[in-house]
Amino acid sequence: MKLLQIGLGEFGMSWFTDIVLKCVEIDRVVLVDLSETKLEEAKRADRDNRCVFYQSLEEAMVEKPDIVLNITPPHLHRTIIEQMIEEGIPVLSEKPIALKYEDAKAILDLSNTLSVPVMIAENYRYTALAREVRRLLINNEIGKIGSVEISFYRNHFMKNYHKDLAEPLLMDVAIHHMDLLRYFTKEEVIDVKAVSYNPWWSWYRGNASVSMNLRMTGGVVVSYCGSLASKKNEDDWNATWRIEGDHGILRIKNSEIYIENELGERMIPVEETVDSRSFVLKEFLLSLKEKRKGETDIQDNIKTYTIVHNAVQVED
């Protein structure tokens with residue numbers, strides 16, 4: 001199988017060296033980036049000579065790839081993904097689907113019309129931690145969920161395009177937490193009230209902070225507060241969670257799971273041994289082989305995207 005990866009930025013290079021080169025299902029890799037420096041760095045990592053390198057997407061298309069991995073800034077997603085769909089090539093793309101809802105919806109519609117799969121790399125739900133939380137909730141460890149509180153505060157400086165996004169927290173990180181919320185509860189968000197804002201000391205141009213209240217289809221009530229410009233690193237990337245049911249509480253703190261119910265309080269061991277992005281890529285490949293939709297196919301992920309979109313609309 002031949003994979004075309006578009007984008008070798010900071011995260012794209014990590015995808016290439018840590019995930020793509022280690023995937024045994026990929027026989028050949030076509031890399032595209034405008035930066036000659038980045039391409040030279042990638043060439044040094046290609047010890048098995050499995051790759052070819054281009055500075056132009058148009059030139060790279062002569063390689064006739066089987067699948068595409070899109071690791072470009074979100075404002076480029078619609079143009080790139082729609083081109084691949086029209087070529088009939090399945091796409092695995094980094095989140096968010098696009099910066100604007102109308103662009104995300106256009107990609108979804110074209111994917112449906114031409115029956116070309118598009119999957120979004122919502123890798124947080126593929127972690128061992130997320131899988132274990134889902135298992136515990138399905139096993140009724142805390143009973144029927146009534147409320148969820150999520151806290152995410154980081155002092156995180158991003159030098160690339162993120163610093164210029166209108167909603168860096170919502171679009172780049174909180175979107176992962178909203179996807180986890182849907183995954184954990186097996187419910188959909190039906191109401192969002194939100195205020196996004198930017199602390200005066202923030203180095204972001206857009207809104208680095210948000211406060212949200214959400215209501216879900218089964219009655220679960222959710223509060224979410226977070227910031228990328230906090231004064232202290234208080235939470236890891238998974239955020240801090242308190243999920244309360246009628247039989248107990250499940251908490252996530254520093255990527256550790258705690259259950260408190262009638263049996264007392266206990267920590268649930270979780271060992272994260274593999275980068276969750278490798279599971280994303282394997283799910284994408286397996287879904288194509290089995291001719292089914294991937295777990296985070298665009299038709300599912302548009303529901304996650306809609307949550308953050310609605311949060312921005314409410315604030316506006």
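When a residue number appears, it is its place in the shown sequence, counting from 1. Note: hydrogens, waters and symmetry copies are ignored here, and every other heavy atom, side chains too, is used.
- In terms of the ring pair (Phe, Tyr, Trp, His ring centres under 6.0 Å) criterion, residue partners of Phe184 (sequence neighbours excluded) are, by chain and number, Trp241.
- A cation-pi arrangement, defined by a distance under 6.0 Å to the six-membered ring centre and an angle within 45 degrees of its axis, is absent between Arg266 and Tyr258.
- Side-chain atoms of Thr296 come within 3.5 Å of backbone N or O of Ile120 as a donor-acceptor pair.
- Remark: side-chain polar atoms of Ser202 are not paired, donor with acceptor, to backbone N or O of Asn198 under 3.5 angstrom.
- Tyr224 is not listed as a side-chain neighbour of Glu149, based on a closest heavy-atom distance of 4.5 Å or more.
- Using modelled atom types, one side-chain atom of His77 and one backbone atom of Pro96 make a donor-acceptor pair closer than 3.5 Å.
- No more than 12 heavy-atom neighbours from other residues, nucleotides or ligands sit within 6.0 angstrom of CG on Leu34.
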Side chain to side chain contact (heavy atoms under 4.5 Å, CB included) evaluation trace for Arg125 with Phe279
CA-CA 10 Å; Arg125 71 154 68 191; Phe279 290 106; over 6 Å; no

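- Note that the CG atom of Leu180 and the CD1 atom of Ile150 stand 8.0 Å from one another [nearest 0.5 Å].
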Does the pair Leu170 and Asn207 meet the rule for a side chain to side chain contact (heavy atoms under 4.5 Å, CB included), with working shown?
CA-CA 8 Å; Leu170 278 169; Asn207 293 319; over 6 Å; no

Quick one, Ile257 with Glu132, criterion side chain to side chain contact (heavy atoms under 4.5 Å, CB included). Give me CA distance, side-chain angles, the key distance, then yes/no.
CA-CA 9 Å; Ile257 306 171; Glu132 182 63 16; 3.8 Å; yes

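- By the 4.0 Å N-to-carboxylate-O rule, Glu271 lies too far from Arg131 to be salt-bridged with it.
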Take Arg182 and Asp300 through the salt bridge (Lys or Arg N to Asp or Glu O under 4.0 Å) test and state the conclusion after the steps.
CA-CA 10 Å; Arg182 294 180 53 237; Asp300 178 82; 2.8 Å; yes

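- One side chain, Asp18 or Ser14, offers a donor N or O that lies under 3.5 Å from an acceptor on the other.
- A heavy-atom distance below 4.5 Å is found between the side chains of Val20 and Gln5.
- Scored by the side-chain contact (heavy atoms from CB on, under 4.5 Å) test, Glu63 finds Lys2, Val30, Val52, Tyr54 as partners (sequence neighbours excluded).
- Within the model, atoms CG of Asp103 and CD1 of Ile97 stand 10.5 Å from one another, a figure rounded to the nearest 0.5 Å.
- Trp201 approaches Ala229 most closely through the heavy-atom pair NE1-O, 2.8 Å.
- Leu136 places a side-chain heavy atom less than 4.5 Å from the side chain of Ile268.
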Are Lys144 and Glu244 close enough, and set up right, to give a salt bridge (Lys or Arg N to Asp or Glu O under 4.0 Å), and what steps lead you there?
CA-CA 8 Å; Lys144 181 175 173 56; Glu244 185 164 2; over 6 Å; no

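- Contact annotation: the side chain of Phe284 never approaches that of Glu295 to less than 4.5 Å [non-hydrogen atoms, C-beta and beyond].
- Side-chain contact between Phe16 and Val29 is present, with heavy atoms from C-beta onward closer than 4.5 Å.
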Salt bridge (Lys or Arg N to Asp or Glu O under 4.0 Å), that's the test. Do Arg44 and Asp46 meet it? Break it down for me.
CA-CA 6 Å; Arg44 290 193 292 271; Asp46 178 28; over 6 Å; no

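- Side-chain atoms of Asn261 do not come within 3.5 Å of backbone N or O of His247 as any donor-acceptor pair.
- Under the 6.0 Å cut-off for aromatic ring centres, His156 and Trp203 do not qualify, their centroids lying 6.0 Å or more apart.
- No donor-acceptor pair under 3.5 Å is formed between the side chain of Arg28 and the backbone N or O of Met1.
- Using modelled atom types, one side-chain atom of His177 and one backbone atom of Trp237 make a donor-acceptor pair closer than 3.5 Å.
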Under 3.5 Å, which donor-acceptor pairs link side chains of residues 208-220 to any protein atom two or more places apart or in another chain?
from, atom 1, to, atom 2, distance (Å)
Ser209, OG, Ser227, OG, 2.8
Thr217, OG1, Glu188, N, 3.2

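- Checked for salt-bridge contact, Arg277 and Glu122 miss the test: no charged N lies under 4.0 Å from a carboxylate O.
- Counted within 6.0 Å of NZ on Lys253, heavy atoms from surrounding residues, nucleotides or ligands total more than 12; the atom is thus considered enclosed.
- Using a 4.5 Å heavy-atom threshold, the side chains of Tyr153 and Lys231 count as separate.
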Run Phe152 and Glu234 through side chain to side chain contact (heavy atoms under 4.5 Å, CB included) and show every step you take.
CA-CA 8 Å; Phe152 177 75; Glu234 297 183 0; over 6 Å; no

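- Applying the side-chain contact (heavy atoms from CB on, under 4.5 Å) test to Asn238 and every residue at least two apart in sequence or in another chain returns Tyr124, Leu129, Asp236, Ser255.
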Name each donor-acceptor pair under 3.5 Å that joins a side chain in residues 106-114 to protein atoms two or more places apart or in another chain, with its distance.
from, atom 1, to, atom 2, distance (Å)
Asp109, OD1, Lys105, NZ, 3.0
Asp109, OD2, Lys105, NZ, 3.2
Ser111, OG, Val116, O, 2.6
Asn112, OD1, Gln299, NE2, 2.7
Asn112, ND2, Leu108, O, 3.4
Thr113, OG1, Asp109, O, 2.8

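- Atoms CD and CG, on Glu94 and Asn70 in that order, are 9.0 Å from each other to the nearest 0.5 Å.
- For the atom pair CD1 (Ile307) and CG (Asp179), the distance works out to 8.0 Å, reported to the nearest 0.5 Å.
- In this structure, CG on Leu3 lies 4.5 Å from CD1 on Ile26, to the nearest 0.5 angstrom.
- Here the CG atom belonging to Leu288 is positioned 8.5 Å from the NZ atom belonging to Lys291, to the nearest 0.5 angstrom.
- Using a 4.0 Å cut-off between charged nitrogen and carboxylate oxygen, Glu265 and Arg251 count as a salt-bridge pair.
- When all heavy atoms of Ile81 and Ser93 are compared, the pair lying nearest together is CD1-OG, 3.7 Å.
- Across Ala60 and Leu4, no two heavy atoms sit closer than the pair CB-CD1, 4.3 Å.
- A distance-only check finds a donor-acceptor pair linking the side chain of Tyr305 to the backbone of Ala98 [under 3.5 Å].
- Side-chain atoms of Ile243 and Ile142, non-hydrogen and from C-beta on, do get closer than 4.5 Å to each other.
- Proximity of a side-chain donor or acceptor of Asn155 to a complementary backbone N or O of Leu228 within less than 3.5 Å is not detected.
- With contacts defined as side-chain heavy-atom distances shorter than 4.5 Å, the pair Asp297/Asn301 does not qualify.
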Tabulate below the donor-acceptor pairs under 3.5 Å that side-chain atoms of residues 35-42 make, not counting sequence neighbours, or state none.
from, atom 1, to, atom 2, distance (Å)
Ser35, OG, Thr37, N, 3.3
Ser35, OG, Lys38, N, 3.1
Glu40, OE2, Lys43, NZ, 3.4

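- Salt-bridge formation is not detected for the pair Lys22/Asp275: no Lys NZ or Arg NE/NH1/NH2 atom is positioned less than 4.0 Å from an Asp or Glu carboxylate oxygen.
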Check the pair Lys64, Glu87 against salt bridge (Lys or Arg N to Asp or Glu O under 4.0 Å), reporting the backbone distance first and the verdict last.
CA-CA 10 Å; Lys64 299 187 183 304; Glu87 294 279 352; over 6 Å; no

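- A distance-only check finds no donor-acceptor pair linking the side chain of Glu187 to the backbone of Val189 [under 3.5 Å].
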